[in-house]
Participant: 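Take this structure, written in structure tokens, and hold onto it; I'll ask about it next.
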Number of protein chains: 2
Amino acid sequence: MGDGREELLPQPDIQDIQLEKVLQALGDPVRLKLLAIYAREGEQCDCDPRRFGLQHLHKSTVSHHMKVLRDAGVTSTKVVGRNRHVRLRREELDERFPGLVDVLLASLDAQAGV
Amino acid sequence: MGDGREELLPQPDIQDIQLEKVLQALGDPVRLKLLAIYAREGEQCDCDPRRFGLQHLHKSTVSHHMKVLRDAGVTSTKVVGRNRHVRLRREELDERFPGLVDVLLASLDAQAGV
DNA sequence: GGGATTGTTGGGCGATCGTCAAACAGTTCC
DNA sequence: GGAACTGTTTGACGATCGCCCAACAATCCC
């Protein structure tokens with residue numbers, strides 16, 4: 001029933017985002033990589049593992065990681081046709097935990113030796 | 001053999017501290033609380049659960065959490081007599097991941113509504 | 001409609017996690 | 001030496017995790 005609607009997958013409200021859940025969600029190599037990708041590439045990314053160097057993971061596994069990030073409040077997912085457009089909830093995270101996303105991304109860069 | 005030595009329990013070198021491990025270590029309510037305590041109260045804290053509002057946890061459980069934090073590079077533990085003096089490795093963490101500890105502590109305060 | 005595409009859901013599996021309990025080791029003090 | 005104290009280690013338990021596979025649902029396109 002392709003009526004052109006763009007539906008948002010369920011996600012927590014800003015005030016319900018818990019630091020513990022965010023850290024737990026990001027304490028995983030795949031999801032930490034996804035964070036970096038979404039921060040750099042923005043909204044137009046979807047779940048296609050080939051684009052993310054996640055070829056080795058089953059599509060359902062990637063879908064699972066996306067759900068963890070979404071449930072923790074890190075990302076927002078919009079249903080567009082057959083695809084999912086995922087973006088970092090940067091403004092909201094910046095409002096709730098100022099500087100957190102920036103520091104995490106900088107830490108990732110520092111660790112990679114950039 | 002109380003010869004007055006102060007031995008350091010094994011801990012990773014600065015450059016071996018992994019962001020993923022740090023986030024994983026802190027993605028737990030008990031260890032997040034321990035982080036806040038060490039940041040506020042400093043070195044003279046030891047493992048006594050009564051002082052931390054951790055009365056409900058067995059001493060071996062607390063010991064386990066301390067080891068996780070130490071192995072992740074978050075804390076440093078010095079053996080002093082029968083006690084362990086635990087401190088946040090703040091300078092080293094600030095060097096490796098600038099701003100991370102500050103942001104985490106501020107996020108904890110923000111979440112608590114301070 | 002029918003096939004192809006994209007992603008979710010549910011089940012299952014081995015690994016890890018958080019917890020407790022019991023045993024152990026080192027230190028302090030009598 | 002021996003008792004008390006502090007914390008670690010080991011083993012066990014249920015719960016959760018990360019992963020895959022198969023089945024399903026929704027969409028797009030012919």
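Here is how names work: the chains are called A, B, and so on, in the same order as the sequence lines, proteins then strands, and each is numbered from 1.
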Participant: Show me the protein contacts with nucleotides 20-24 of chain D, counting only N or O atoms at under 3.5 Å.
Facilitator:
residue: D/dC20; atom: OP1; partner: A/His56; partner atom: O; Å: 3.0
residue: D/dC20; atom: OP2; partner: A/His58; partner atom: N; Å: 2.7
residue: D/dC20; atom: OP2; partner: A/Thr61; partner atom: OG1; Å: 2.9
residue: D/dC21; atom: N4; partner: A/Ser60; partner atom: OG; Å: 2.6

Participant: Does B/Arg82 have a side-chain nitrogen or oxygen under 4.0 Å from the phosphate oxygens OP1 or OP2 of D/dT8?
Facilitator: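 B/Arg82 to D/dT8 OP1/OP2: no side-chain N or O under 4.0 Å.
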
Participant: With A/Glu20, which residues qualify under side-chain hydrogen bond (donor to acceptor under 3.5 Å, both in side chains), at least two apart?
Facilitator: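 side-chain hydrogen bond (donor to acceptor under 3.5 Å, both in side chains) list for A/Glu20, sorted by chain: empty.
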
Participant: Work out how much the helix from C/dG1-D/dC30 to C/dC30-D/dG1 bends between its end axes, five pairs an end, to the nearest 10 degrees.
Facilitator: 20°

Participant: Quick one, which residues of residues 21-30 of chain A touch DNA chain D with a heavy atom under 4.0 Å?
Facilitator: A/Gln24, A/Asp28

Participant: Please list, chain by chain and in numerical order, all residues satisfying side-chain hydrogen bond (donor to acceptor under 3.5 Å, both in side chains) with B/His64, sequence neighbours excluded.
Facilitator: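 Counting only residues at least two positions away or on another chain, B/His64 forms no side-chain hydrogen bond (donor to acceptor under 3.5 Å, both in side chains).
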
Participant: Is a side-chain N or O of B/Asp13 found less than 3.5 angstrom from the main chain of B/Gln15, in a donor-acceptor match?
Facilitator: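 Side chain of B/Asp13 to backbone of B/Gln15, a donor-acceptor pair under 3.5 Å: no, none is there.
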
Participant: If you check every side-chain atom of A/Ser63, which of D/dA4, C/dT9, D/dT27 has the closest atom?
Facilitator: C/dT9

Participant: Taking only residues two or more places apart in sequence, or in another chain, which ones meet B/Val103 in a side chain to side chain contact (heavy atoms under 4.5 Å, CB included)?
Facilitator: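 For B/Val103 the side chain to side chain contact (heavy atoms under 4.5 Å, CB included) partners, ignoring immediate neighbours, are A/Leu100, A/Val103, B/Ser107.
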
Participant: According to side chain to side chain contact (heavy atoms under 4.5 Å, CB included), who are the partners of B/Gln18, at least two apart in sequence or on a separate chain?
Facilitator: A/Gln111, B/Lys21

Participant: Could you note down all residue pairs passing salt bridge (Lys or Arg N to Asp or Glu O under 4.0 Å) where residues 30-39 of chain A supplies at least one of them, sequence neighbours left out?
Facilitator: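 Applying salt bridge (Lys or Arg N to Asp or Glu O under 4.0 Å) to every pair that reaches into residues 30-39 of chain A, excluding sequence neighbours, yields nothing.
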
Participant: Taking side-chain hydrogen bond (donor to acceptor under 3.5 Å, both in side chains) as the definition, give me every residue that meets it alongside B/Gln24, ordered by chain and number, with sequence neighbours left out.
Facilitator: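 Expected list: none.
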
Participant: According to side chain to side chain contact (heavy atoms under 4.5 Å, CB included), who are the partners of A/Pro12, at least two apart in sequence or on a separate chain?
Facilitator: A/Asp16, A/Ile17, A/Arg89

Participant: Got a sec, which residues hit side-chain hydrogen bond (donor to acceptor under 3.5 Å, both in side chains) with B/Lys67, two or more places apart in sequence or on another chain?
Facilitator: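 Here the qualifying residues are B/Asp71.
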
Participant: Quick one: label A/His65 by what it contacts on the DNA or RNA (base, sugar-phosphate, nothing), any heavy atom closer than 4.0 Å.
Facilitator: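 The answer is sugar-phosphate, as A/His65 gets under 4.0 Å only of primed atoms, P, OP1 or OP2.
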
Participant: Not counting sequence neighbours, which residues clear side chain to side chain contact (heavy atoms under 4.5 Å, CB included) with A/Ala39? List them please.
Facilitator: A/Leu88, A/Arg90, A/Leu105

Participant: Measure the distance from CD on A/Glu20 to C1' on C/dC17 and round it to the nearest whole Å.
Facilitator: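 So the two atoms are 13 Å apart, to the nearest Å.
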
